Amino acid sequence: MSSIGGYRWFNALVLAALTAATVSASDPKPRVFVGYLMGRPKSVDHRLYTHLCHAFVTADGDGRIRPNRAVPDAKLVREAHASGVRVLISLGGWGWDRQFAELTSDRAAEDRYVQSVLALVDSGDYDGIDLDWEYPDNAKEVEGFERLSRRLRDGLTERSKRIGRPMELTMAVSANPPTLAWLRKDFMVETFDWINVMTYDMSGEWSKFAEHHSPLHGSTKRAGGPRSSSGVIEHLIAERGFPADFLALGIPLYGRGFAADSPYAEVRKGEKPKLPRGGYASVSRAIEKDRWVRRWDDETKNPWAIAPEGDRVIGYDDAESVGLKTDWAMGKNLRGVFFWEVDHDRMPDGTNPLQRAARERWEAGSKKK
């Protein structure tokens with residue numbers, strides 16, 4: 001199957017596999033195609049996904065959930081379920097690590113938080129939880145992280161027994177090996193269904209040089225040596241011992257730009273460059289209408305957008321690069337791929353060309369498994 005028209009049927013098969021009463025540890029794990037969505041999206045092409053992660057639920061240090069009109073959203077979940085797509089509720093996000101550390105340092109706050117989160121899962125009829133603690137990176141935080149993760153897992157197991165439907169627990173993790181070192185492999189594999197490795201934001205406005213923020217492979221031109229998405233995944237498999245089918249590769253639908261004269265050049269200090277705002281749709285429009293030029297980097301397997309004046313560059317992903325990333329993930333027998341964020345490649349006609357290109361490659365890879 002390779003056409004968009006077959007996605008609903010394929011998703012139904014994936015959902016059926018997930019809802020089987022008993023799955024032995026030796027059975028192949030169903031591959032996943034995951035989209036993170038933020039708030040209340042205008043529209044979602046459910047044919048693209050096996051799972052959606054609905055972001056974000058946040059809390060204060062006392063474990064009290066912060067009011068959010070967008071999450072939970074039972075209607076969003078019902079629409080996804082009608083298309084055979086499972087939806088996880090995402091907790092935390094970037095910048096909320098302090099609150100996680102605070103609430104897990106107080107048992108009453110942790111109790112309040114766990115009960116509140118599980119109540120949201122119930123009220124929204126979600127299929128599980130995606131934990132975005134970015135990041136536990138000291139011994140005390142890791143202790144709290146592991147305890148909180150176990151409690152969420154236990155709560156989901158109880159809900160699964162109660163409603164007769166499997167619940168899933170996933171986590172978004174750093175692509176930085178020193179940060180990843182705080183996550184114990186045996187605990188992670190025992191507690192989570194899979195982890196989403198955020199193989200992006202490897203460079204940005206904080207960087208001294210204009211380097212692609214999500215290269216598939218490393219560049220010999222990068223100052224300090226190559227760094228890449230493939231390198232992080234291979235580190236987790238070969239050096240940390242994580243199973244390949246426990247890992248999902250992160251693919252960004254946005255770029256990061258720099259005030260630099262060319263890729264890998266030194267960034268001009270103190271200059272805030274004028275760049276296309278938003279995700280891939282904005283970069284694509286700049287190339288089509290504003291005379292930005294696409295340049296392919298065959299070492300990293302990613303494109304660059306070069307400003308018409310030659311004084312700004314953007315490292316981004318397009319249909320070609322996401323297709324290659326998806327092929328690579330499937331060839332490595334990873335659990336799948338995921339995207340941040342599903343709106344960022346939505347074009348004026350409502351299509352998602354990057355995610356569609358990746359989905360077609362994902363299907364081809366899944367058929368080969």
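In this text the structure is predicted, and so the values were computed from the model without any measurement.
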Carboxylate-amine/guanidinium proximity below 4.0 Å for E234 and K332: yes
Salt bridge between R165 and D127, side-chain N to carboxylate O under 4.0 Å?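 Here R165 pairs with D127 in a salt bridge, since their nearest N and O are under 4.0 Å apart.
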I'd like to check [X] versus [Y] (side-chain heavy atoms, cut-off strictly below 4.5 Å). Are they in contact?
{"X": "R335", "Y": "I195", "value": "no"}
{"X": "W340", "Y": "I251", "value": "no"}
{"X": "V342", "Y": "Y36", "value": "no"}
{"X": "T351", "Y": "R346", "value": "no"}
{"X": "E320", "Y": "W296", "value": "yes"}
{"X": "V173", "Y": "T179", "value": "no"}
{"X": "L76", "Y": "H54", "value": "yes"}
{"X": "S229", "Y": "L249", "value": "yes"}

Verify whether one side chain among [X] and [Y] offers a donor that lies under 3.5 Å from an acceptor in the other.
{"X": "K325", "Y": "S230", "result": "no"}
{"X": "H212", "Y": "T300", "result": "no"}
{"X": "D45", "Y": "N352", "result": "no"}
{"X": "N302", "Y": "D317", "result": "yes"}

Centroid-centroid distance, Y254 to H213, less than 6.0 Å: yes
Check whether the ring centres of F338 and W362 lie less than 6.0 Å apart, and answer yes or no.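 No, the ring of F338 stays outside the 6.0 Å limit from the ring of W362, centre to centre.
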Between [atom1] on residue [X] and [atom2] on residue [Y], distance to nearest 0.5 Å:
{"X": "M167", "Y": "L88", "atom1": "CE", "atom2": "CG", "result": "9.0 Å"}
{"X": "E299", "Y": "L216", "atom1": "CD", "atom2": "CG", "result": "12.0 Å"}
{"X": "R147", "Y": "E143", "atom1": "CZ", "atom2": "CD", "result": "6.0 Å"}

Output yes when a side-chain donor or acceptor of [X] lies under 3.5 Å from a complementary backbone atom of [Y], and no otherwise.
{"X": "Y113", "Y": "D60", "result": "no"}
{"X": "E309", "Y": "D311", "result": "no"}
{"X": "R294", "Y": "I306", "result": "no"}

Just wondering, are more than 12 heavy atoms of other shown residues or ligands nearer than 6.0 Å to CZ in R66? yes
R162 and E158: CA distance, side-chain angles, deciding distance, salt bridge (Lys or Arg N to Asp or Glu O under 4.0 Å) verdict: CA-CA 6 Å; R162 174 162 42 88; E158 187 280 328; 3.2 Å; yes
Single hit among D132, D193, D130 for side-chain hydrogen bond (donor to acceptor under 3.5 Å, both in side chains) with T170: D130
Side-chain polar contacts of residues 133-140 - donor-acceptor pairs under 3.5 angstrom, sequence neighbours left out - could you list them?
| residue | atom | partner | partner atom | Å |
| --- | --- | --- | --- | --- |
| N138 | OD1 | K140 | N | 3.1 |
| N138 | OD1 | E141 | N | 2.8 |
| N138 | ND2 | E141 | OE2 | 3.4 |

Using 30° and 60° as the class boundaries, would you call the ring planes of F33 and Y49 parallel, tilted or perpendicular? tilted
